[in-house]
Amino acid sequence: MIIGNWKMNTLREEARTLAESLAELPVQPTTRVGVCPPVIWQQTVGEVLKGSPVMVGLQDCVGDPFGAQTGCVNAAMARDAGCQFVVLGHSERRQRFSETTDTLIPALQAVLEAGLFPILCVGETRDDRDQGRAIEVVDAQLAPVLTAGLDLDGLVVAYEPVWAIGTGLSASQSDIDTMHTTIRAILDRDDAVVLYGGSVSPESAPDVFASQAVSGALVGGASLDIEKFAAIVAAWEQR
Ligand code: PEP
């Protein structure tokens with residue numbers, strides 16, 4: 001699975017053009033490719049990608065039902081708009097909006113109940129890793145999910161070391177392999193899908209995908225450049 005996260009980028013015509021190129025992307029039937037445009041362009045992008053193999057999702061949603069929540073969208077809206085998945089707990093949201101896995105549980109539940117799949121982001125800061133606490137931190141981020149009594153069929157986890165996001169830095173091959181193997185053990189599911197995210201590029205992708213414990217990538221910056229994104233999809237298919 002290769003997912004592009006456009007974050008707060010693109011004006012409408014750029015989003016449409018990028019989506020038109022994505023619709024032409026050659027994708028093998030066993031590869032799942034998706035994109036999360038800014039929520040305001042979701043409809044535009046969704047219309048272009050309708051009938052193509054590329055899925056559309058949201059970058060975030062809240063767990064609340066309909067009501068007085070200025071500026072928010074919920075999972076029912078995501079499904080009604082044709083989304084197939086929602087990213088939850090991205091570190092940029094954890095940092096800026098004080099989200100924690102505990103506060104994300106209702107959103108996780110709502111996304112699962114809406115029949116969409118959540119991509120739950122976890123990952124340590126540079127400090128955590130320097131202090132040898134990377135696994136402990138990721139374990140603590142996942143623990144509330146596992147004890148919340150949710151039906152986790154379809155859950156996708158994205159391991160995204162915070163210090164590697166948008167910095168051009170990447171975790172080492174062995175750290176990626178260790179963390180992904182650990183996350184799989186924590187989830188204790190044979191079918192667990194665990195993506196890696198953190199400055200994935202056409203250059204770094206072959207190394208990232210070398211680990212059997214990696215199920216694909218969550219791609220930020222490089223997903224805004226169709227040639228780079230296509231090269232990452234190709235690297236996945238050639239691994
Ligand atoms: C991300 O936004 O999840 C991400 C990994 O970004 P980038 O690829 O730009 O580091």
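Counting starts at 1 for both ligands and their atoms, following the listed order. Bear in mind that the values here come from a model prediction, so they are computed numbers and not experimental data.
Taking every heavy atom of Ile165 and a limit of under 4.0 angstrom, the matching atoms of ligand 1 come to 4 (C), 6 (O), 10 (O). When each atom of ligand 1 is checked for a heavy atom of Asn5 under 4.0 Å away, the hits are 2 (O). Near Gly198, meaning under 4.0 Å from one of its heavy atoms, ligand 1 places the atoms 5 (C), 10 (O). Taking every heavy atom of Ser199 and a limit of under 4.0 angstrom, the matching atoms of ligand 1 come to 7 (P), 8 (O), 10 (O). Each of the atoms 7 (P), 9 (O), 10 (O) of ligand 1 lies under 4.0 Å from some heavy atom of Gly166.
Atom 2 (O) of ligand 1 has Lys7 CE, 2.5 Å as its closest protein atom, hydrogens excluded (heavy atom only). Scanning the protein for heavy atoms near atom 9 (O) of ligand 1, the closest one is Gly221 N, 2.8 Å. Looking only at heavy atoms of the protein, atom 5 (C) of ligand 1 is closest to Glu160 OE2, 3.1 Å. The protein non-hydrogen atom at the shortest distance from atom 1 (C) of ligand 1 is His90 NE2, 3.2 Å.
For Gln109 (side chain) and Leu150 (main-chain N/O), no donor-acceptor pair under 3.5 Å exists by modelled atom type. No donor-acceptor pair under 3.5 Å is formed between the side chain of Arg93 and the backbone N or O of Glu99.
Distances between N or O atoms of Gly197 and those of ligand 1 include no value under 3.5 Å. At a 3.5 angstrom cut-off on N or O pairs, Thr167 does not count as close to ligand 1. Among the atoms of Leu218, none of the N or O lies under 3.5 angstrom from an N or O of ligand 1. Polar contact check, Gly220 against ligand 1: a nitrogen or oxygen pair lies under 3.5 Å apart.
Listed by first then second residue, pairs satisfying side-chain hydrogen bond (donor to acceptor under 3.5 Å, both in side chains) with a partner in residues 27-40 read Thr31-Glu237, not counting sequence neighbours.
Under the 4.0 angstrom criterion for non-hydrogen atoms, Ala164 is in contact with ligand 1. Put simply, no part of Ala222 is less than 4.0 Å from ligand 1, judged by heavy atoms.
For the residue pair Trp163 / Glu124, a side-chain donor-acceptor distance below 3.5 Å is found, with atom types taken as modelled. Using modelled atom types, one finds no donor on one side chain facing an acceptor on the other under 3.5 Å when comparing Arg126 with Thr167.
Note: Phe85 and Phe117 have parallel aromatic rings, judged against thresholds of 30 and 60 degrees for the angle between ring planes.
Annotation: side chain to side chain donor-acceptor pair (under 3.5 Å) contacts of Gln95 (sequence neighbours excluded): none.
Expressed to the nearest 0.5 Å, how far CG of Asp60 lies from CD of Glu92 amounts to 11.0 Å.
Proximity of Glu92 to ligand 1, defined as any heavy-atom pair under 4.0 Å, is not found for any part of the residue.
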Subject >> Working for side-chain hydrogen bond (donor to acceptor under 3.5 Å, both in side chains), residues Asp175 and Thr178 >> reply: CA-CA 5 Å; Asp175 286 342; Thr178 303; 5.2 Å; no
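Checking each of Ile226, Thr17, Val56 against Leu22 for a side-chain contact (heavy atoms from CB on, under 4.5 Å) leaves exactly one that passes, namely Ile226.
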